[in-house]
Amino acid sequence: MNILRLLDKLSHDKFFTTEASRLETITNLSQFGKKTATAAVPLGLGALMTTSVKAERTHTTMTGTALKSTLTDALQLALVLEYLENEYYAIGLSTAGLIPNADRTVFMQISKHESAHVSFLKSTLTSLGSMPGSKPTFDFTANGNFSPFTDYNQFLILAQAFEDTGVRAYKGQAGNVMSNKVVLQAALQIHSVEARHASQVRRMRANKGWIELANGGNMPSATDPVYTGEDNVNQAGYNTGATFGAAAGSAAYDETLSGSDAQSIASLFIV
């Protein structure tokens, strides 16, 4: 914690002449420390340290590359999920007679949010030197298993599944974007908005705004992977179910979704 406070303080000092991510800050700080330390020691020791310093710099560069790759991979996954939601709502809103007038305002607003998320993720990936992935070709029937654009009930079912998936997926990638505090903050902000979407759509389907156990709430079995693991009542060694009951205990803590599981769910709707 002391190191994090120091880095946050240094990020506002004149030591840095340009805005930097936390990863860049750590790299700059480590290089600054090495130069100062080498200059302070006797010549003989400085020569002996040369090989070690080079090795450490190589390790720092490799670690930085790995962290950047982890960061951009997480953003690419988020982009696919946002592409999916954005196109889904765009098609739904453009399909005459599908969405009742009373509900159109809700989905028009959600659609705007998803468009904003797509734009942000594409811009961020570009700024990080990573080409944003192109939008996949989607099949929202999941090979004929759904008819979301002819049946409003099914449209709501998939909207809930997509939003619940997005909430868990963003939370699951939080650790992978921690190397850039600006991106981390934005990802958390998107995550909370996706949670509001999910709660809204769930209530439009007469469900509770939260998830109890692994039950999505009047959802077809094809959507079970979205809710797998939501019945967990053990949080950091604390059994929430023992005190509050399994349903309330599981609902008090929303579970994460791994990147591979999120990709598997999204792939069901990608040609």
key: Any residue meeting side chain to side chain contact (heavy atoms under 4.5 Å, CB included) with Q154, in chain and number order, not counting sequence neighbours   =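 Checked Q154 against side chain to side chain contact (heavy atoms under 4.5 Å, CB included); matches are F146, S147, D151.
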Does either side chain, that of [X] or that of [Y], offer a donor lying less than 3.5 Å from an acceptor on the other one?
{"X": "N176", "Y": "Q173", "value": "yes"}
{"X": "D73", "Y": "T70", "value": "no"}
{"X": "E114", "Y": "H197", "value": "yes"}
{"X": "E194", "Y": "H117", "value": "yes"}
{"X": "Q160", "Y": "Q200", "value": "no"}

message = For Y88 together with F138, are the ring centres under 6.0 Å from each other?
response =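 They do not qualify: ring centres at least 6.0 Å apart.
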For residues 91-102, which side-chain N or O atoms pair as donor and acceptor with protein atoms under 3.5 Å away, sequence neighbours left out?
{"unit_1": "S94", "atom_1": "OG", "unit_2": "A90", "atom_2": "O", "d": "3.1"}
{"unit_1": "S94", "atom_1": "OG", "unit_2": "I91", "atom_2": "O", "d": "3.0"}
{"unit_1": "T95", "atom_1": "OG1", "unit_2": "I91", "atom_2": "O", "d": "2.7"}

Report yes or no: do [X] and [Y] belong to one cluster of Ile/Leu/Val/Met/Phe/Trp/Tyr joined by side chain heavy-atom distances under 4.5 Å?
{"X": "L84", "Y": "L121", "answer": "yes"}
{"X": "I190", "Y": "M178", "answer": "yes"}
{"X": "L81", "Y": "V193", "answer": "no"}

query = When you look at CG of N153, are more than 12 heavy atoms from neighbouring residues, nucleotides or ligands closer to it than 6.0 Å?
reply =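 More than 12 heavy atoms, drawn from other residues, nucleotides or ligands, come within 6.0 Å of this atom.
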request  = For the pair F155 and Y89, name the ring-plane relationship: parallel under 30°, tilted 30 to 60°, perpendicular over 60°.
outcome  =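 Plane angle over 60°, so perpendicular.
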Residue pair D164, Y227: steps toward the side-chain hydrogen bond (donor to acceptor under 3.5 Å, both in side chains) verdict = CA-CA 8 Å; D164 283 340; Y227 303 100; 2.5 Å; yes
key: Cationic N near anionic O, under 4.0 Å, D254 to R168   =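 Result for this pair is no, no salt bridge flagged.
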